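I have placed the structure first, in the form of structure tokens, so that the comments after it can refer back to it.
Ligands are counted one by one from 1 in listed order, and the atoms in each one are counted from 1 as well. Everything numeric in this text was worked out from a predicted model, so none of it was measured.
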Amino acid sequence: MKTTVKIKRYDPDIDDVAYWQDFEVECDEMDRVLDILNTIKWEQDGTLSYRRSCAHGICGSDAMVINGSNALACKMLVKEAGSSITVEPIRGLPVVKDLIVDMETFFDAYKSVMPYLINDDPVPDRERLQTPEQHEKFEDTTKCILCAACTTSCPIFWTNDEYLGPAAIVNAHRFIFDSRDQAGGERMAVLGTREGVFRCRTAFNCTEACPRDIQVTRAVEEVKRAILFKKI
Ligand code: SF4
Ligand code: F3S
Ligand code: FES
């Protein structure tokens, strides 16, 4: 089949503003949008710039706006996207070139919640034990691949990039609710500030955008309640 792909292009070295460019690609309906971008780059225009690595929905590199919604290009099939596809960079972060955005703000927010296990007890001889019920509390948020689809679909983040955003909150949740961790209070102190979790207005865009099907809004609400009621 033939597919028309409309891509938002921008090269800061030569363009004053972004513009749309159309490409026609011969493809199969079982190809992914990433395959189409690769075909364009390898056969039509080598200057097209985008991030990708694993091509299997694991590394989180290729989140982009496809037909108006955030998605991973390597997970969306042509048969889902249709014969006329639009592709733009994710919103709310500065565009570096074409579909590549500057992720610095995103990773600063991620780092600010200390996304690693903190436990000052002496290291035990064997692993730190946890019951299945204790693990269940944060199992969902362990699935995050840091693709930024949630944060860049959030209307609060679009208007205020100081908002830490759902991805940082999901990664804080993963440790706040881990019975082996001892720094939940420090993380909640970060998330209880002006640009923290209470900026969320429960828009649910983040949950819809997550390619890992994480219940992002639920995680945000659980962190809000943990801060308000000091109960984990
Ligand atoms: Fe991506 Fe989902 Fe993690 Fe957000 S929560 S960064 S959408 S994997
Ligand atoms: Fe934004 Fe998700 Fe809250 S989209 S407003 S973080 S529910
Ligand atoms: Fe790794 Fe798509 S290329 S998630």
Practice item. Looking only at non-hydrogen atoms, find the nearest pair between Ile66 and Met76 and report the distance. Key: CG2-SD, 3.5 Å

Review point. Going by the order shown, which atoms of ligand 2 are within less than 4.0 Å of some heavy atom of Ile156?
Key: 5 (S)

Practice item. For Asp178 and Lys137, run salt bridge (Lys or Arg N to Asp or Glu O under 4.0 Å): C-alpha distance rounded to whole Å, both residues' side-chain angles, the deciding distance at 0.1 Å, then the answer. Key: CA-CA 7 Å; Asp178 187 334; Lys137 286 188 179 172; over 6 Å; no

Review point. Below 2.8 Å, any N, O or S contact between His56 and atom 1 (Fe) of ligand 3?
Key: no

Revision key, fill the gap. Per-atom filter on ligand 3: closer than 4.0 angstrom to a heavy atom of Gly60 are 1 (Fe), 4 (S)

Study note, to complete from the structure: ligand 1 atoms nearer than 4.0 angstrom to some heavy atom of Ala148 are 1 (Fe), 6 (S)

Review point. What are the atoms of ligand 3, with element, lying closer than 4.0 Å to any heavy atom of Gly57?
Key: 4 (S)

**Study point:** Protein contact of atom 2 (Fe) of ligand 1 - nearest heavy atom, named by residue and atom, plus distance
**Key:** Cys210 SG, 2.3 Å

Check your understanding: side chain to side chain contact (heavy atoms under 4.5 Å, CB included) between Val87 and Lys6: does it pass, once the steps are laid out?
Key -> CA-CA 6 Å; Val87 185; Lys6 193 184 262 294; over 6 Å; no

Review point. Of all the atoms in ligand 1, which lie at a distance below 4.0 Å from a heavy atom belonging to Arg212?
Key: 8 (S)

Check your understanding: Of all the heavy atoms in Gly60, does at least one lie under 4.0 Å from an atom in ligand 1?
Key -> no

Review point. Looking only at atom types and distance, does a side-chain atom of Glu186 sit under 3.5 Å from a main-chain N or O of Ala183, one as donor and one as acceptor?
Key: no

Review point. Counting each atom of ligand 3 from 1 as listed, which ones have a heavy atom of Ala55 under 4.0 Å away?
Key: 1 (Fe), 3 (S)

Point to revise | Opening angle between SG in Cys59 and SG in Cys54, taken at atom 1 (Fe) of ligand 3, to 10 degrees | key: 100°

Exercise for review: Please assess Lys224 against Glu221 for the test salt bridge (Lys or Arg N to Asp or Glu O under 4.0 Å), listing each intermediate value before the final yes or no.
Suggested key: CA-CA 5 Å; Lys224 283 182 191 170; Glu221 292 302 310; 2.8 Å; yes

Check your understanding: Is atom NZ of Lys79 surrounded by more than 12 heavy atoms (other residues, nucleotides or ligands) closer than 6.0 Å?
Key -> no

Study note, to complete from the structure: For Cys206, the atoms of ligand 2 under 4.0 Å from one of its heavy atoms are 2 (Fe), 4 (S), 6 (S), 7 (S)

Check your understanding: Among Asp140, Val113, Leu146, Thr141, which one satisfies side-chain contact (heavy atoms from CB on, under 4.5 Å) with Val170?
Key -> Thr141

Practice item. Find all atoms of ligand 3 within a distance of less than 4.0 Å from any non-hydrogen atom belonging to Ser53, and give their numbers and elements. Key: 3 (S)

Review point. Can you check whether Val101's main-chain N or O pairs, donor with acceptor, with Arg51's side chain at less than 3.5 Å?
Key: yes

Review point. Does Tyr163 reach ligand 2, in the sense of a heavy atom lying below 4.0 Å from it?
Key: yes

Study note, to complete from the structure: Taking only non-hydrogen atoms of Pro211 and a 4.0 Å limit, the atoms of ligand 1 in range are 7 (S)

Exercise for review: Show which atoms of ligand 3 fall inside a sub-4.0 Å distance from at least one heavy-atom site of Cys74.
Suggested key: 2 (Fe), 3 (S), 4 (S)

Check your understanding: Which of the atoms of ligand 1 are close to Leu146, meaning less than 4.0 Å from one of its heavy atoms?
Key -> 3 (Fe), 6 (S)

**Study point:** N, O or S atom of Cys150 closer to atom 4 (Fe) of ligand 1 than 2.8 Å
**Key:** yes

Revision key, fill the gap. So the atoms of ligand 2 within less than 4.0 Å of a heavy atom of Pro166 turn out to be 6 (S)

**Study point:** atom 3 (Fe) of ligand 1: the protein heavy-atom neighbour that sits closest, reported with distance to 0.1 Å
**Key:** Cys144 SG, 2.3 Å

Review point. Around atom CD of Glu26, are there more than 12 heavy atoms of other residues, nucleotides or ligands at under 6.0 Å?
Key: yes

**Study point:** ligand 2 contact by Thr217, heavy-atom criterion under 4.0 angstrom
**Key:** yes

Review point. Step by step, would you call Arg9 with Asp98 a salt bridge (Lys or Arg N to Asp or Glu O under 4.0 Å)?
Key: CA-CA 5 Å; Arg9 307 290 309 264; Asp98 295 337; 3.1 Å; yes

Exercise for review: Please confirm whether Ala209 comes under 4.0 Å of ligand 1, counting heavy atoms of the residue only.
Suggested key: no

Exercise for review: Go through ligand 3 atom by atom and flag the ones less than 4.0 Å from a non-hydrogen atom of Ile58.
Suggested key: 4 (S)

Exercise for review: Quick one: look up the protein heavy atom nearest atom 1 (Fe) of ligand 1 and list residue, atom name and how far away it is.
Suggested key: Cys147 SG, 2.4 Å

**Study point:** side-chain hydrogen bond (donor to acceptor under 3.5 Å, both in side chains), paired with Asn70, selected from Thr152, Thr151, Asn205
**Key:** Thr152

Check your understanding: At a 4.0 Å threshold, what atoms of ligand 2 neighbour a non-hydrogen atom of Asn205?
Key -> 4 (S)

Review point. Heavy-atom contact under 4.0 Å between Val220 and ligand 2?
Key: no

Point to revise | Closest approach of Leu72 to Gly57 (non-hydrogen atoms, all atoms of both residues) | key: CD1-CA, 3.9 Å

Check your understanding: Any sub-3.5 Å donor-acceptor pair from Lys97's side-chain atoms to Ser49's backbone N or O?
Key -> no

Revision key, fill the gap. min-distance protein heavy atom vs atom 8 (S) of ligand 1 -> Ile145 N, 3.4 Å

